Q: 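Could you have a look at this structure, given as structure tokens, before my questions?
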Amino acid sequence: MQPDDKKNTLSRKVFLKYAGMGAAAAALPPLVPGLARKALASIKTGQNYEKAQRIFSCCNQCGGQTGIECLVEGGRVVSIRPNNHNPNGFSNISTDFFANIEKEGAVMCPKGNAGLMTLYDPDRLQKPLRRTNPEKGIGIDPKWKEITWDEAYTEIANRLKKLRADSDAHKLLWFSEDHSFTHVQADFMKLFGSPNYSNHSNLCDTARKASFKMVMGDERPLMDAIQSKYILLFGWNPLSATKWAFLPRLMTRARENGAKLVVVDPNFSYTANKADEWVPIRPSTDGALALAMAHVIIRDKLYDETFIKEWTAGFDQFAAYVQDKTPQWAETITTVPAKTIEKIAHDFATTKPSLADVWSGPGQHCNAVQGGRAIACLNALTGSYDRPGTMVSPEKKGNKHIEWSADDTAAATLRMDRFDGLKSYPFGHKSGVYCESFARLAEGKGPYKPKMGIVVFQNLLMSVPGTKTVEAALKSLEFLVVNDTCLSETAQLADIVVPGTTYLERYDLNGHWVTWPVLGLRQPVVAPLFGQPTEYEFVAELGRRLGLKDKDGVEIFKMGHVSHQPIEDKKAWYEEWLSKELLEGEPKISLDELKALPGATWMSKTGTTYEKYAKPVSEEKVKAAITEGNVLFSKKKDGTKDKQIGILKDGKAVTGFQTPSGKVELFNAKLAEKKDADGVPVDPLPVYKPRQWAPDGQFPLYLINWKQASHTHSRSQNNAWLVEIGPNNPLLMNAATAAKMGLKDGDAVWVESKYGKMKSTLKVTAGIHPEVVGSQHGFGHWALGKIANGRGSFDGGLRPTKADPISGQALHKECCVKVSKA
Amino acid sequence: MLREGVQGVTRSLEATNREERIQELQRSGGEIRFLSRLLGAPPDAALLADAHAVGLVEDGWEARVEQYRVEYTRLFSCPGPNFIPVNQSVYTDILKMEPSAPDPSGCGMAFPGGELRGYLGGTSCPALVRWYTEAAFTAYDGARQMPDHISLELDFAAHLCLAEAHALVIEAQDEAAAYRDLLFKFRQNFLELWLASFSQCVASNSVSSLYRRVGARLLELPTSLDRYNPG
């Protein structure tokens, strides 16, 4: 036989094996007579899709969770529209929603519209990958190797088993997004035995949460803008940084209803653009401005005397503190003219109802909590809490998280201190302290050395300030797993990456941020495109492989929580998990019943309620309560003190505020007993302190950043539709500053801090404070996808990895820079 | 006698042609299915041994299994600079966007409508699902791909070749013709709309000879199929 003949024979033998004709191969299935002819006739008739389905769900292009209605044809999502049954796309006030939804219709933001481009992004990760290059770092090729899901699970589970076997379970760190399947992840960590579950919130608004919590006991009061007549916003851009899709409509209607809008912000934001007045301010000095306003309000007796007398504590101490905080004093700090401060203070206090709100602008500098607290105190002076048109405490009632207790093995390591030192932050949030975690990891500090990390739907390298520190931190882990939809910058440092799902492929329950109890369902609109498990199925599979049980020996990742029978199918298992949370929560309905509700949305019939603080506590509850001073607490089963349920006021039991005194606190002497993470006692007053990093000769400009409606943090820059409306992020600089520096619009520039530098394109404008430069955050990717990579500039590397010492909030704006022509 | 002889020769020729055709369909179907496996997942040792037997990889391949797996990932699994999209939608489908209605708020923002290419989950997907269902095609075990993945489209083409062969074996001529017609239309309406673009990328971007040769073989595939399936 000639070589070619031999080769051909061999090839034929191989091909026949694949044809199913080889000896070792299975025979072909029997032929169905007539099938091909029928198929031919059928396909000639052209497409005949089933009737398009309308499926109601909730968006998750950002954390806003807007209600959506998806049109699905032939198994494809072809359109995403607003869901008119879900108030999250319309209003945060029930009366407004019920009166106007039919005539106006709900809305969603550009990101929601562009969800299709996220679902069908060609750069989505489709298969699990294993790193083969042991060397890690930015710019180093991981030399990925595709592996099967079973290989991925086996390796991850083996690593986790070893941690448990070595009593090192606490050395597992878990980071996740904060709006999706958090319960199942937190429970996994608890039953595994690690206290180190963290999520996104401390990158966002935990400073604001701490500020309001300290003053009025609610972490997240919501502005009732639509009924307000005077809206004062500090570093908060609701028209464009659409935290919730209803915000632009509310602001627009408020203006139509005659509300005055004043925006304090170094940047002429979209909201500032539509305001009666834009007050450009030096970054991080908002607290000083608020204190000076308080000075004016108290000096001129413009405050709500009745509210102050009945519902606040510490007015005298606060009044004494602000006595010398004059508008002139504030002008030197803030650069806001004293007469402007006088006018805003007068207008704010005399226009009823009014509200003052603050978000991430002032909330991401090192004195953010006390600054935010000063702003929250303005509402106290004018009685602007929980009344129509003011800052309203939302009633958050929805699904109930079922608590599981760890077994003895897990409990032993669960008792260890959190690695991020959360307890040293007096108003730290349960989401943890990312900055402390990464700084400790990078520097080899902390109570122990973590060994393994699991990151779910987070791009830590782009979202935590201080890229070099985050890189060093992630490299210090022995093993890193990332679950994400794209091969992000963070995923490039992983040992194993597994593909995640988009919000159109999975479930979730969303307690909406409106003022009355509303819960929307996110549900799979299409099956996961690549057959990959959803994130909760991923967690459940790991839980099963590890045999995790609660202290009663129940395998919670396998046991059906309604049927109480083991369930193999993990989707069905999770459906029972959700049903259990719904049945035991406020809705008291199953998952199927929620699906059947209009818009797959449940809402309480109570609607928005006001002045809840004055509501009487039932006699029955009072009788069963434990009383300490004049504060009432419910009792736990063991008879010890549980939750604060009210206060005794004028001999009557009323709900009050959730502060230690039960009143709005302008001063709290007990705060001085707490020390912040730097060891400094927390001031009982909302003091103004200059931030630590101010401009100097070397780095003369403040660098800030912001969000716009076109993108969500750093995760949407590969979305084709969104880059059409938000293609990049030029560096904004005031025209006078640019002229002094000899720079002009369109110049390529270097922006440099003591931590790093970035190249950007200059946009010269009158719409930014002269001492400030800034840009939209989230651009400058190098790994996310073809559209995102190389687009715009990334500013995370210019900052230190530092948290606010009171709340643990990441400091995204504590940065000064110099700018030079590139 | 002569007529009987001619008829006998004709029958014999027909039988020979039929036999040849069956053999060729089985060979083609097997080869296409083999190519489908090479593009469906990183190669394991068994697949590479077969690739070696058919001349797609050189001697000494046993020492390079990991390299081939890394290269497969770089080319077909790992979004990045060297990634070659493996789904038909990305190559052929057009996402049409209707113009937006005039903005009621009057700020003059309206979208004029347009087209977008290069996305997953296009109209090819539901159309292919329909073809697969009608032809009773079941994806091979372990294929967790979208319906327009190259591996599945090739596997379907192989399925049609082999089904025609099977029909010929049992002398179901009409059914065999219908399978032949189905394959012709499938190539025309799906596979060959993008096979050349895809294969060209594979042939020119691969580091190893394996995928360069796979790309080259795929480029020849339509011609070799035409030889036996003239349409």
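Order of the sequence lines fixes the chain letters, A, B, ..., with proteins taken first and strands second; residue numbering starts at 1 for each chain. None of the values given here were measured: they were computed from a predicted structure.
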Q: Can you tell me which of A:Ile147, A:Leu116, A:Thr252, A:Leu10 forms the most heavy-atom pairs within a distance under 4.5 Å of chain B?
A: A:Leu10
Q: Can you tell which of A:Asn789, A:Leu529, A:Val78 has the highest number of heavy-atom pairs within less than 4.5 Å of chain B?
A: A:Leu529
Q: Count the heavy-atom pairs under 4.5 Å between each of A:Glu146, A:Lys143, A:Arg124 and chain B, then report the option with the highest count.
A: A:Glu146
Q: Consider salt bridge (Lys or Arg N to Asp or Glu O under 4.0 Å). Of B:Asp50, B:Asp155, B:Asp44, which one does B:Arg37 pass it with?
A: B:Asp155
Q: Is B:Gln23 in contact with chain A via its backbone, its side chain, both, or neither, using a 4.5 Å heavy-atom distance?
A: both
Q: Check whether B:Leu116 gets within reach of chain A through its side chain, its backbone, both or neither, counting any heavy atom under 4.5 Å.
A: side chain
Q: So what's closer than 4.5 Å to chain A heavy atoms on B:Ala53: side chain, backbone, both or neither?
A: both
Q: Which atoms of B:Leu35 are under 4.5 Å from chain A, going by heavy atoms: the side chain, the backbone, both sets, or neither?
A: neither
Q: Mind checking whether A:Tyr18 and B:Phe34 have parallel, tilted or perpendicular rings, split at 30° and 60°?
A: tilted
Q: Give a yes or no on whether the backbone of B:Gln145 and the side-chain of A:Gln126 come within a donor-acceptor separation of less than 3.5 Å.
A: no
Q: Which residue out of B:His149, B:Met146, B:Lys185 racks up the most heavy-atom pairs below 4.5 Å with chain A?
A: B:Met146
Q: B:Ile22 versus B:His166: any side-chain heavy-atom pair under 4.5 Å?
A: no
Q: Which atoms of B:Val70 come close to chain A, meaning under 4.5 Å heavy atom to heavy atom: side chain ones, backbone ones, both, or neither?
A: both
Q: With a 4.5 angstrom heavy-atom cut-off, could you sort out which part of B:Tyr179 is near chain A: side chain, backbone, both or neither?
A: both
Q: Is it the side chain or the backbone of B:Ala167 that comes within 4.5 Å of chain A heavy atoms, both, or neither?
A: both
Q: Using a 4.5 Å cut-off on heavy atoms from C-beta on, say whether the side chain of A:Val497 contacts that of A:Pro128.
A: no
Q: Side chain, backbone, both or neither: which part of B:Leu160 has an atom under 4.5 Å from a heavy atom of chain A?
A: neither
Q: For each of B:Phe83, B:Tyr119, B:Tyr72, B:Phe76, tally heavy-atom pairs with chain A at distances under 4.5 Å, and name the one with the top tally.
A: B:Tyr119
Q: Does any N or O in the side chain of A:Ser710 come within less than 3.5 Å of the main-chain N or O of A:Gly726, such that one atom is a donor and the other an acceptor?
A: no
Q: Taking A:Val526, A:Asp121, A:Leu129, A:Leu487 one by one, which has the highest count of heavy-atom pairs under 4.5 Å against chain B?
A: A:Asp121
Q: Students often mix this up, so state it plainly: with edges at 30° and 60°, are the rings of A:Trp149 and A:Tyr153 parallel, tilted or perpendicular?
A: tilted
Q: Check whether B:Asn87 gets within reach of chain A through its side chain, its backbone, both or neither, counting any heavy atom under 4.5 Å.
A: side chain
Q: Could A:Arg131 and A:Trp144 be counted as a cation-pi pair, given that NZ or CZ must be under 6.0 Å from the ring centre and within 45° of the axis?
A: yes
Q: Measure A:Pro499 against the heavy atoms of chain B and call it side chain, backbone, both or neither at under 4.5 Å.
A: neither
Q: Evaluate the ring planes of B:Trp194 and B:Tyr91, with Trp represented by its six-membered ring, and classify them as parallel (under 30°), tilted (30 to 60°) or perpendicular (over 60°).
A: tilted
Q: Students often mix this up, so state it plainly: with edges at 30° and 60°, are the rings of B:Phe156 and B:Phe137 parallel, tilted or perpendicular?
A: perpendicular
